[in-house]
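For reference, the structure I am asking about is given below.
When reading the values below, keep in mind they use all heavy atoms of this one structure, side chains included, and skip hydrogens, waters and symmetry mates. Below, chains carry the letters A, B, ... as their sequence lines are ordered, and counting in each starts from 1.
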Amino acid sequence: MNDKFLKPYNPADTEDRIYQMWLDSGYFNPDKLPADEPGRGVNGEPFSIVLPPPNVTGTLHMGSAFMLALEDIMVRYARMQGKKTLWVPGTDHAAIATQSKVEKDIMKKEGKSRHDLGRAELLKRVDAFAKESHDNIVVQIRKMGCSIDWSREAFTLDEKRNFAVRTAFKKMYDDGLIYRGFRVVNWDPKGQTTISDDEIVYETRKAKLYTFKYSKEIPISISTTRPETKLGDMAIAVHPDDVRYKQYVGKEYDAVFAGEPIQLKVIADISVEPEFGTGALGVTPAHSTIDWEMAQRHELVTEARPLKTVINEYAKMVVGFDSGDFKIKDKKTTEAREAVVAWLRAEGLLEKEEDIEQNISVAERTGGVVEPLPKLQWFVAVNKKFTREGKGAEAGTTRQVTLKELMKEAVTADGISIIPERFERIYFNWIENLRDWCISRQIWYGHRVPVWYRDEEVYCGLDAPKNESGKGEWMQDEDTLDTWFSSGLWTFSTLGWPEETADMATYHPTTILETGSDIIFFWVARMILMSTYLLGDIPFKTVYMHGLVRDGKGQKISKSLGNNIEPLDLIAKYGADAVRMALIVGVGPGNDSKVDENKIKAYKNFANKLWNITRFILSSAEGDMGPLVPKAAAITYDPNFESFSAADIILRDEFNVILKDITSDMDAYRLYLAAEKIYGYVWRRFADEILEDSKKIFKEGTAADILSRKQFLLRTLHTILRALHPFMPYVTEEIWALIGAGNTDGHRLLIIEKWPV
RNA sequence: GCGCGAUUAGCUCAGUUGGUAGAGCAAUCCAUUUACACUGGAAAGGUCGGGGGUUCAAGUCCCUCAUCGCGCACCA
C-alpha cells in the first residue's frame with residue numbers, strides 16, 4: 001500500500017499535479033481520445049457543449065464556479081460513457097461592461113476621459129486589461145478541474161469570430177433584416193451609448209407627480225413626473241371615450257411653455273389610462289418610447305412640424321429660458337425640472353403635487369438613468385417576413401417567416417427543451433413582447449459595424465470597399481455592435497463557421513447549453529435567433545439553466561455589497577472536489593443557492609473518507625492476496641471471479657440498482673440528485689455498514705466468504721471511483737492511480753474509464 | 001396588471017413519474033490501543049404554510065387563501 005494513505009488526503013498536494021496529467025494525456029481534446037475501441041473515444045457518438053464565455057471584466061465568482069462544476073460533471077460523464085466529448089472554452093469581450101470598467105479606472109488614476117486618449121489608445125488599454133482578466137479566468141477554470149479543450153479556445157472579439165460577425169451581419173443586411181432607423185432608443189448618458197431593452201434594470205424611487213396646465217388658455221390639465229420634457233410636447237392625448245375631453249379632440253393650441261413655444265394638438269388614443277392623473281397626458285415624441293409610437297400612429301411629426309428634441313446626449317436641456325430665475329437651457333434634466341416647477345408655480349399654473357413611487361430605467365452596466373432619445377441606429381427586425389428555403393421534406397420550397405417565428409418554432413417544433421420546463425413559458429413570454437433589437441453601440445470596444453459611407457452611398461460588406469479616384473473616401477460606421485450579437489453566434493462561431501469545418505459537421509447542433517437563468521433572453525434567445533436564421537438549425541438540443549449563487553445570508557453577490565467569495569480561496573482551503581460537490585448537491589435547476597462553508601467542509605471530509613475507505617480495503621487485501629491479481633504493484637480484483645457468497649451477491653445487486661438509478665438521474669440532468677445518492681451510498685451504506693460487517697467476516701468468516709468479500713470490496717471500490725469521478729475528479733483520479741486500478745486492462749486514466757452502467 | 005417560484009427538522013435545503021418524510025450544519029448521550037476524530041454508534045427533532053378536493057394512497061395532482069421572493073408590462 002502506498003504510504004500516502006497513512007496521512008489524510010491532501011487536495012493541495014494533488015490537484016495541480018493531476019490536472020497536468022490530464023493535460024498531458026490530451027484527453028480534453030476529443031480528437032486525442034483513444035481510438036482502440038469501437039463506439040468509444042474518437043469512434044464515439046459526439047457530445048458537445050460550449051462554455052458560456054465569462055466576461056473579461058475581472059475574475060470569476062462563485063456563480064461561475066457553480067457553472068463550471070455543473071458543466072464539467074456533464075462533460076466527464078459523457079466522456080466516460082464513451083462519447084466523443086468536446087467542451088469549448090472561451091471568453092467574452094463584453095463590450096460595454098469592459099470598456100466602462102477600463103474608462104473608470106483611467107479616469108480615477110489619470111483623470112482622463114476616453115476622448116482625451118482617442119480610439120486607438122483606449123482600445124490598447126482595454127485589450128491589455130482584457131488579456132489580464134482572461135489569464136486570471138483561465139487559471140480559475142483550471143483550478144476547478146474543468147476538462148475543457150484548450151486547443152479550441154475562442155474569444156468573442158478575435159479574428160475568426162470577427163469574420164463570423166461580419167458574415168452574419170452582411171447576410172442579415174442583404175435579407176433586409178438589419179436596417180438603419182431613426183427612432184427613440186434607450187440612451188445611457190453615463191455610458192454615452194444606446195442600449196437594448198434588455199440592458200435596462202428598473203429601480204423603484206420616490207418621485208413627484210405634478211399636475212398643471214401648459215398655459216391659462218389651454219383648458220386641459222395634465223400630469224407628469226418630468227415637467228422638463230414638456231418643452232418638447234407636440235400633443236395632448238386623451239382616451240377616446242373620455243367624456244371630459246371629447247369636445248377638445250382635434251383642436252390645436254399654441255403656448256409658450258417655460259420660454260419655449262409649443263404647438264399642441266389634442267388627440268384620442270386608447271393607450272391613455274383615463275384613471276391616471278387627470279386622464280390627459282402630454283405627448284413628448286422625442287423623449288418617450290410610448291409617445292414616439294403614439295406620434296407615429298397620429299402622424300404628429302411632419303415636415304411642417306418637425307420632431308422636437310429638448311434634451312441632448314448629456315441629459316442636458318437644449319431649449320427653455322436661457323437666463324433669469326428660471327434658467328433651463330443647458331441645465332441637467334433634474335435641475336431643469338425644478339426650474340420648470342418653480343416657473344409653473346410662479347405663473348399659477350401648478351395645480352397639484354403628489355408623492356408617488358416610480359420605476360426608473362437604469363442602464364445595467366453603468367448605472368446611468370436611461371434617457372429616451374431619438375437616434376439613427378442599427379436594428380435587427382424581428383417581425384419582418386423574409387424568405388426562407390425549406391429543409392428536409394420541404395426542400396425546394398420556400399416560405400415567409402419572421403425571426404420571432406423562428407425563435408418560437410425552435411422550442412415548440414424543433415425540439416429544444418429547456419430545463420426546468422417553466423423557463424419555456426418565460427421564454428415565450430419574452431418573445432411575445434420582443435421589439436426590434438437595437439444592435440449599434442456608441443462605444444469603441446467591440447465589433448465595428450461593417451458598413452461604409454461615401455456621400456449618399458451606403459455599402460455593407462465583409463471588407464472595406466476600395467476608394468476610387470475622383471470620388472470621395474469611404475468611411476466606416478463609427479459604431480460597434482451589441483456584445484450579444486457576437487455571443488449569439490457562439491455555438492457555431494467557435495466551431496469555425498462560416499467555414500465548413502469538420503467540427504461544424506461533427507459537433508453542431510451542440511448537445512446541451514448550460515447557463516445562468518438570468519441570461520435566458522440576452523444570450524439563449526439570441527443564440528436561437530442566430531442559429532435558426534444563419535444555419536437553419538437549432539444551436540443546442542437541451543438548455544439547462546442554473547440559478548443564482550448567493551452569499552451565506554442569501555444576498556445577491558455584488559461588488560457594491562463587497563460580499564464576493566473568491567472560489568480560489570475555498571479551493572485552496574477545501575479542495576476543488578469539495579467545492580464542486582457543495583455547490584451542486586441538492587441544488588435543482590433554476591433554483592438559487594447559498595454558499596455554505598460548512599457544506600464544503602463536509603465534502604472535504606467525504607474526500608478523506610473515500611481515501612480511508614481505500615486504505616482499509618487495501619490493508620485488508622494485503623497479506624492474504626489469494627487469487628487477487630497483483631500486477632505491477634497494483635492490488636486489484638480478479639475480473640473473472642464469480643464465486644461470490646450469497647451475502648455479497650445481494651450487496652452487488654443492491655449497488656447495481658443504485659447505479660442504474662444514478663445513471664437515469666444523470667441522463668435526465670438531475671446531477672444534484674445523482675451526486676447525493678452516490679455520496680449517501682459510499683458513506684452511509686458502503687463505509688458505515690458494509691465495511692463494518694466486513695471486519696467481522698475477515699475475523700470469523702470462512703475462507704470462501706473472506707475471499708468473496710475482498711473481491712467484492714475491491715470491485716466495488718473501483719466502481720465507486722468511476723461513478724464518483726465526474727463529481728470529484730481529483731481525489732478519484734489520484735486513488736485510481738495509487739491503487740493501479742487501470743492495470744486491469746492496461747493502464748488508463750480514470751477520466752476515460754467506462755461509466756459503471 | 002400578467003405570469004412564475006417558494007413555504008418540509010432549530011438553521012440551510014433535497015425529495016425525479018402520487019406509495020407512509022431525507023441530507024448538511026447545530027444540539028443530546030456514548031465510544032478513543034478502531035481504515036478514517038476530516039471518526040463511529042445511539043437517541044432526539046417535522047399534524048411537509050392554512051383550508052378544501054381527487055385517489056385505495058397526496059409533501060407530490062387540482063382548487064382556494066395567506067406570507068415571502070422573482071420576471072415581464074405599466075410607470076403621463
Q.
How many whole angstroms separate atom CG of A:N591 from atom P of B:A23?
A. 21 Å

Q) Could you give the CZ-to-C1' distance, from A:F521 to B:A73, as a whole number of Å? A) 12 Å

Q.
Can you see if the side chain of A:K594 gets near the phosphate of B:C13 - specifically, an N or O under 4.0 Å from OP1 or OP2?
A. yes

Q) Over how many whole Å does the gap from A:E421 atom CD to B:G5 atom P extend? A) 11 Å

Q. Which one is paired to B:C36, where only Watson-Crick or G-U wobble pairs with both distances under 3.5 angstrom count?
A. none

Q. Tell me: CZ of A:F423 to C1' of B:C72, nearest whole Å?
A. 13 Å

Q) Taking the six-membered ring for Trp, are A:F606 and A:Y679 ring centroids under 6.0 Å apart? A) yes

Q. So A:Y245 and A:Y248, would you call those rings parallel, tilted or perpendicular, with 30° and 60° as cut-offs?
A. tilted

Q: Tell me what A:L209 touches on the nucleic acid: a base, only sugar-phosphate, or nothing, going by heavy atoms under 4.0 Å.
A: sugar-phosphate

Q: Once you apply the 3.5 Å cut-off to both distances, tell me the Watson-Crick or G-U wobble partner of B:G24, or none.
A: B:C11

(Q) Taking A:D13 first and then A:K7, would you say they form a salt bridge - that is, a charged N and a carboxylate O separated by under 4.0 Å? (A) no

Report, one pair per line, the protein and nucleotides 26-28 of chain B atoms (nitrogen or oxygen only) whose separation is under 3.5 Å.
none

(Q) Quick check on RNA chain B: between A:W430 and A:D596, whose nearest nucleotide comes earlier from the 5' end? (A) A:D596

(Q) Does A:Y679 reach a base, just sugar-phosphate, or nothing at all? Heavy atoms under 4.0 Å. (A) sugar-phosphate

Q | Under 4.0 Å protein heavy-atom contacts per nucleotide of nucleotides 29-42 of chain B, with B for base, S for backbone only and - for none | A | ------BB-BSSS-

Q. Taking 4.0 angstrom as the limit, do A:D242 and A:R244 come out as a salt bridge?
A. yes

Q | Salt-bridge present (A:K594, A:D551; N to O < 4.0 Å) | A | no

Q.
Could you tell me how far apart A:I290 (CD1) and B:A73 (C1') are, to the nearest whole angstrom?
A. 9 Å

(Q) Under 4.0 Å from OP1 or OP2 of B:C4: is there any side-chain N or O of A:R425 that close? (A) yes

Q. With respect to A:L231, which candidate in A:T284, A:I311, A:V310 satisfies the side chain to side chain contact (heavy atoms under 4.5 Å, CB included) definition?
A. A:V310

Protein and nucleotides 18-20 of chain B: nitrogen or oxygen contacts under 3.5 angstrom:
none

Q: Under 4.0 Å between any heavy atoms, over every strand shown, what does A:R422 touch: base, sugar-phosphate, or nothing? Just pick one.
A: sugar-phosphate

**Q.** Pairing partner of B:C4 (Watson-Crick or G-U wobble, both distances under 3.5 Å)
**A.** B:G69

Q: Answer with base, sugar-phosphate or nothing: what part of the nucleic acid does A:N433 contact at a heavy-atom distance below 4.0 Å?
A: sugar-phosphate

